[in-house]
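Count residues from 1 along the sequence. Counting starts at 1 for both ligands and their atoms, following the listed order.
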Amino acid sequence: MYLHFIKLLCVVSLAYSLPKVEFPKLKEGGKIWALLVAGSNGWGNYRHQADACHAYQVVRNHGIPEEQIVVMMVDDIANNSQNPTPGKIINQPDGPDVYQGVKIDYSGLLNVVPEVFLKVMSGDSSGLSERGTGRVINSGPNDHVFVNFVDHGGPGIIAFGRLFLHAKDLMETLADMHKAQKFDKLLFYMEACESGSMFYNLLPKDYNILALTASNPDQSSYACYWDEERETYLGDVFSVNWLQDSDKEDLAKETIKKQFHIIKKETNTSVVCEYGDKTIAEMTVSEFQGKEKSTANVYPAPDPNIGAVPSENVDLEILKYQYRTAMTEDDRMFYLDKLEQETKRRESVPVIVKKIVDRATNNINGRAKFLMDTRYDLYDTDCYKTVVEHLADNCPMLGLREQFGYALKHLYAFVNLCEENVAMETILSAIDKEESCFGGKF
Ligand SMILES: *[C@@H]1O[C@H](CO)[C@@H](O)[C@H](O)[C@H]1NC(C)=O
Ligand SMILES: *[C@@H]1O[C@H](CO)[C@@H](O)[C@H](O)[C@H]1NC(C)=O
């Protein structure tokens, strides 16, 4: 309860407004760089690339030159066989095409991966020309960097399709960048489930980095704007809220703090949080998203909270819709069967996780039950990273390599095992011995 209270503090922290300080703007000769990333792929994840494309339009419309923007997305949506408007992507009902003009630097399943992301962000171009344009965030000590990431996530991880970026590696890279003076200020907007866990307790306040996340460390982020024609969601609540705000505001007059308050108020599905150096919030949004006044049309958009669903339920919601609207009895049976499979797959997740936790703790004195019911904060990022990677590779029934957001949520139990100081070898061997990981009997 106590831990939980602290975590929720981000809800109120900004209620105590900071003293008004005249905050330095972009330094003489400084540039603004933007790194825009959608990690996922597949039609069911349409919304992630839609958010990222929209972010591209926002920073371009506000004057950041193409040369200072790097984009990573798998790029399987615009031309997807399921796209009724080939070559076009929208981010709100009846919205404009946000795909138009987007220059993608790294695309494809093999290139939109954590390793490339970290290299691009930190300006290390070695080996990257074989994986895309080879362009990186080539920033220096006078520059501002804006990073926007969208995909699935879980405790201490964000996904790039089937691979994970761990909080540990993100923090190490940000620390290296800080030390090497790769930026004057860095602003990170992150949309993912449990996205707060990537920064909470981990991001120091003196790195000149501010991070805004779609949710706190143990909540889902939410998909929004169900589209009946496309049979997928068009956006995510946190993302469309900041994007639509940036579309219509005069960014040279709006502080980040104000944008944060607006998004926080408008996102009532999850708790939008901020981490790191909060004095950066006194700067104007234009310091990171571009200094020019946008002349782009502003399209009225419906409230994204209405009909929003937790990101990990999107696959289920799509199947339910397909079942409800099936035209023939055969189709109905087909989707009913898929729904049943999906339901079973979900039900098996906590059962498998509990069995591993039982084994790892010898189920002494209800310890396993306690570890299934609690949520520790993540500190032991080394243990956790090794365990998660081992689990993803050795417990296929959990679908961790299949963008199965529902299983990602349950990784909190492995945070708990690491934080309870259960020996890592014990956890790994408990995973290896668990037959249900391979579809064996429960
Ligand atoms: C999508 O299709 C258009 C038209 O055929 C083509 O020019 C473009 O290169 C395709 N893009 C991708 C990513 O396949
Ligand atoms: C979120 O906001 C929408 C629209 O403003 C409203 O319909 C909905 O009830 C709100 N949900 C919660 C949980 O407050």
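A donor-acceptor pair under 3.5 Å links the side-chain atoms of E419 to the main chain of D380, judged by distance alone. Within the 3.5 Å criterion, the main-chain N or O of T133 finds no donor-acceptor partner in the side chain of D105.
For atom 11 (N) of ligand 1, the nearest protein heavy atom lies under 4.0 Å away. The nearest protein heavy atom to atom 7 (O) of ligand 1 is not closer than 4.0 Å. For atom 3 (C) of ligand 1, the nearest protein heavy atom is under 4.0 Å away.
Summarising the local packing, CG of D206 is surrounded by more than 12 heavy atoms from other residues, nucleotides or ligands at distances under 6.0 Å.
A salt bridge does not link K31 with E67: none of the charged nitrogens is closer than 4.0 Å to a carboxylate oxygen. Salt-bridge formation is not detected for the pair K344/E347: no Lys NZ or Arg NE/NH1/NH2 atom is positioned less than 4.0 Å from an Asp or Glu carboxylate oxygen.
For ligand 1, the polar-atom distance check finds an N/O of N79 within less than 3.5 Å of one of the ligand's N/O atoms.
If you check which protein heavy atom lies closest to atom 13 (C) of ligand 1, you get D75 OD2, 3.0 Å.
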